[in-house]
Engineer: 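Have a look at this one.
In what follows, chains are A, B, ... by sequence order, proteins preceding strands, each numbered from 1. If you're wondering where the values come from, they're calculated on a predicted model, not measured in any experiment.
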2 protein chains.
Amino acid sequence: MGTTQLESVPEPKYWHLKTVLSEALDSEFTVGEILPNERDLAARFGVARATLRQALEQLELEGRLQRRRGVGTTVAPPRMGVAVGTGRQVWPSTGDDAWQPVDCALAAPPAAVATALESARDQAVHIVRRSRVSHGQPVAAELLYIPSTSVPDLSAIDAPSEAARARAVLRELQRLELQGQDSAVELGSARADDARELDRLPGAPVLVVTTRFFAEGRTAALSVATYRADTCRLTFTASGGVEIHHGPQQQAS
Amino acid sequence: MGTTQLESVPEPKYWHLKTVLSEALDSEFTVGEILPNERDLAARFGVARATLRQALEQLELEGRLQRRRGVGTTVAPPRMGVAVGTGRQVWPSTGDDAWQPVDCALAAPPAAVATALESARDQAVHIVRRSRVSHGQPVAAELLYIPSTSVPDLSAIDAPSEAARARAVLRELQRLELQGQDSAVELGSARADDARELDRLPGAPVLVVTTRFFAEGRTAALSVATYRADTCRLTFTASGGVEIHHGPQQQAS
DNA sequence: AAGTGGTCTAGACCACGCA
DNA sequence: GCGTGGTCTAGACCACTTG
């Protein structure tokens with residue numbers, strides 16, 4: 001008469017809670033609607049607030065919820081598709097105006113960047129900061145590292161503003177013939193400055209896209225772009241410009 | 001003489017802790033080395049275990065640490081680069097043997113998949129499960145959805161095993177002329193079955209790569225691949241086969 | 001001022017890997 | 001059986017937004 005273990009693997013509470021909430025979001029809530037506060041929700045489900053929060057964190061990670069301190073928890077819209085790779089390779093910010101130059105500095109790059117650029121560690125590079133807005137909200141912050149050798153004709157530029165200097169550097173860069181590019185995507189957490197620009201808290205999950213631009217037989221520029229992981233789906237369109245249509249969610253049961 | 005607020009924005013403890021630990025990892029630890037257990041670490045830094053864990057979670061998210069229940073916390077090797085997009089588009093598993101077929105079923109697809117395939121909801125599709133191994137450890141689990149119309153000649157196949165049937169379906173698929181493909185990357189959390197295959201706990205952060213394959217003027221196949229976000233950096237090589245060199249090291253040993 | 005989510009604590013017990 | 005990380009609790013206080 002041992003204790004018959006019908007549930008050999010008891011599901012964690014927060015996991016079950018996440019499932020229940022997820023189904024409730026699909027059926028009983030609409031995008032933008034605010035949920036009851038965490039203390040009420042925890043009481044309603046009979047768990048500690050920390051446990052409830054563990055479930056909410058997961059749902060926020062999956063882009064289902066959006067939480068803002070002092071405001072509340074709201075149902076997030078489906079992730080927006082953001083194009084980060086095109087079939088025809090282009091220099092940064094050639095055609096589309098999705099990226100907005102913020103400022104521009106001339107400084108020594110981090111060690112990792114210097115390695116990728118195959119340049120000396122103490123060789124100063126142009127660092128252009130840009131921010132990307134989509135559907136009215138910030139989705140990415142970028143640091144563009146451009147060795148001085150890639151844009152030699154910058155001695156006689158007028159600089160009415162930081163942004164203007166950034167645009168001048170980009171204009172010069174586009175005179176080179178782009179031979180190729182490649183990108184890498186990895187998970188990261190937002191640094192303090194990126195977080196501020198993305199309207200998130202430091203440490204928020206982000207997708208880091210590192211892109212190398214090749215010209216004249218070497219790496220002519222390096223872009224490190226930080227995308228909000230909760231609101232963005234990065235699209236790499238190889239052929240047409242078609243969009244992937246998503247149901248309520250991607251991962252199915 | 002009011003309380004002079006020199007630190008107008010007090011940094012959260014776990015954030016500071018993460019920074020300290022991160023620097024310690026760089027200078028005082030080697031890859032594979034095991035850290036002191038959480039209770040000792042928490043005591044050493046004078047914080048509660050929950051706070052210490054918050055810092056460790058972030059470091060694990062960034063791929064700096066690896067934690068395993070019953071074992072301990074170890075210093076993780078640099079993320080491995082995993083190629084997920086090539087310049088020349090290829091059918092799944094054409095050249096490389098990185099993907100291993102696991103099994104194959106014929107069933108109705110989830111609603112989201114049916115939408116992407118532009119097929120009827122109740123139209124059964126082949127569902128091929130594959131797993132990808134790199135450097136000796138599992139990095140991705142995939143579900144490949146293939147409408148029956150894409151592989152018509154499957155009535156007379158012999159099926160000595162599940163994996164063999166999967167290979168037969170893939171072989172048939174490759175007879176079609178691939179016209180294009182596009183991919184999307186987004187953050188997700190591992191479902192229970194994926195987690196098992198990836199040797200992670202359910203809910204672990206993953207990078208979900210959704211790829212559509214076009215042939216004969218329609219979507220001929222849809223792949224949903226789930227990559228370990230902690231160990232993988234997804235590379236999209238547009239031109240040459242060059243690898244991005246990152247920080248101190250490129251790949252694990 | 002009130003209400004929200006974010007941080008933090010000091011415990012407890014559980015599931016797992018290993019010797 | 002022991003030590004590990006994983007889960008969970010019931011509180012407390014803080015930072016932020018809004019009326």
Engineer: Would you kindly give the NE2-to-P distance between His16(B) and dT7(C), to the nearest whole Å?
Structural biologist: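 Between P of dT7(C) and NE2 of His16(B): 16 Å.
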Engineer: Under the side chain to side chain contact (heavy atoms under 4.5 Å, CB included) test, which residues partner Val133(A), sequence neighbours left out?
Structural biologist: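 Val133(A): no side chain to side chain contact (heavy atoms under 4.5 Å, CB included) contacts found.
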Engineer: Quick one: which of Val185(A), Thr211(A), Leu234(A), Val84(A) gives a side chain to side chain contact (heavy atoms under 4.5 Å, CB included) with Phe236(B)?
Structural biologist: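 Considering Val185(A), Thr211(A), Leu234(A), Val84(A), a side chain to side chain contact (heavy atoms under 4.5 Å, CB included) with Phe236(B) is found only for Val185(A).
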Engineer: Is the shortest side-chain N/O distance from Thr73(B) to OP1 or OP2 of dG5(D) below 4.0 Å?
Structural biologist: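 Checking Thr73(B) against dG5(D): at least one side-chain N or O falls below 4.0 Å of OP1 or OP2.
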Engineer: Whole Å only: how far is the CD atom of Glu57(A) from the P atom of dG5(C)?
Structural biologist: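 The distance from CD of Glu57(A) to P of dG5(C) comes to 13 Å, rounded to the nearest Å.
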Engineer: Would you call the rings of Tyr227(B) and Trp99(B) parallel, tilted or perpendicular, where under 30° means parallel and over 60° means perpendicular?
Structural biologist: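 Because their plane-to-plane angle is over 60°, the rings of Tyr227(B) and Trp99(B) count as perpendicular.
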Engineer: How long is the line joining CZ of Arg69(A) and C1' of dC16(D), in whole Å?
Structural biologist: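 Distance check: Arg69(A) CZ to dC16(D) C1' gives 6 Å.
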Engineer: I need the single residue from Val209(B), Val206(B), Leu207(B) that forms a side chain to side chain contact (heavy atoms under 4.5 Å, CB included) with Thr226(B). Which is it?
Structural biologist: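 Looking at Val209(B), Val206(B), Leu207(B), the match for Thr226(B) under the side chain to side chain contact (heavy atoms under 4.5 Å, CB included) is Val206(B).
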Engineer: Please state whether the phosphate of dC8(D), meaning OP1 or OP2, lies under 4.0 angstrom from any side-chain nitrogen or oxygen of Tyr14(A).
Structural biologist: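 Looking at the OP1 and OP2 atoms of dC8(D), neither is under 4.0 Å from any side-chain N or O of Tyr14(A).
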Engineer: So, are Glu142(A) and Arg132(A) salt-bridged, with charged N and O less than 4.0 Å apart?
Structural biologist: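 Judged by the 4.0 Å cut-off on N to carboxylate O distance, Glu142(A) and Arg132(A) do not form a salt bridge.
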Engineer: Would you call Glu186(A) and Arg79(B) a salt bridge, taking side-chain N to carboxylate O under 4.0 Å as the test?
Structural biologist: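 Yes, Glu186(A) and Arg79(B) are salt-bridged.
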Engineer: What pair of heavy atoms forms the shortest contact from Trp15(A) to Ala190(B), and how long is it?
Structural biologist: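 Reported closest heavy-atom pair: CH2-O, 3.5 Å.
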Engineer: Can you check the Ile34(A) CD1 to dT4(C) C1' distance for me, whole Å?
Structural biologist: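 Spelled out: CD1 on Ile34(A) to C1' on dT4(C) is 10 Å.
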Engineer: Can you check the Glu11(A) CD to dC8(D) P distance for me, whole Å?
Structural biologist: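 Those two atoms, CD and P, are 10 Å apart.
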Engineer: Tell me: CG of Asp199(A) to P of dC16(D), nearest whole Å?
Structural biologist: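 In whole Å, dC16(D) P and Asp199(A) CG are 13 Å from each other.
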Engineer: Could you pick out which residue, Gln54(A) or Val71(A), lies toward the 5' side of DNA chain D when each is mapped onto its nearest nucleotide?
Structural biologist: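 Of the two residues, Gln54(A) wins.
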Engineer: Locate the shortest heavy-atom distance separating Arg64(A) from Asp26(A); write the atom from each residue and the value.
Structural biologist: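 What the structure gives for the nearest pair is NH2-OD1, 2.8 Å.
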Engineer: Is it true that Arg200(B) and Asp194(B) make a salt bridge, defined as a side-chain N closer than 4.0 Å to a carboxylate O?
Structural biologist: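 Looking at Arg200(B) and Asp194(B), the cut-off is not met.
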Engineer: Which parts of residues 200-208 of chain A get close to DNA chain C, meaning a heavy atom less than 4.0 angstrom away?
Structural biologist: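 DNA chain C contact set from residues 200-208 of chain A: Leu201(A).
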Engineer: Which residues within residues 37-53 of chain A lie with some heavy atom under 4.0 Å of an atom in DNA chain C?
Structural biologist: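 Contacts with DNA chain C under 4.0 Å: Asn37(A), Glu38(A), Arg39(A), Arg49(A), Arg53(A).
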Engineer: Hey, does the side chain of Arg67(A) come within less than 4.0 Å of dG6(C)'s phosphate (OP1/OP2), counting only N and O?
Structural biologist: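 For Arg67(A), the contact criterion (side-chain N or O under 4.0 Å from OP1 or OP2 of dG6(C)) is met.
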Engineer: Report the distance from atom NZ of Lys13(A) to atom P of dA15(C), rounded to the nearest whole Å.
Structural biologist: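 In whole Å, dA15(C) P lies 13 Å from Lys13(A) NZ.
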Engineer: Grab the NZ-P distance between Lys18(B) and dT7(C) for me, whole Å please.
Structural biologist: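 So the NZ-P distance, Lys18(B) to dT7(C), works out to 12 Å.
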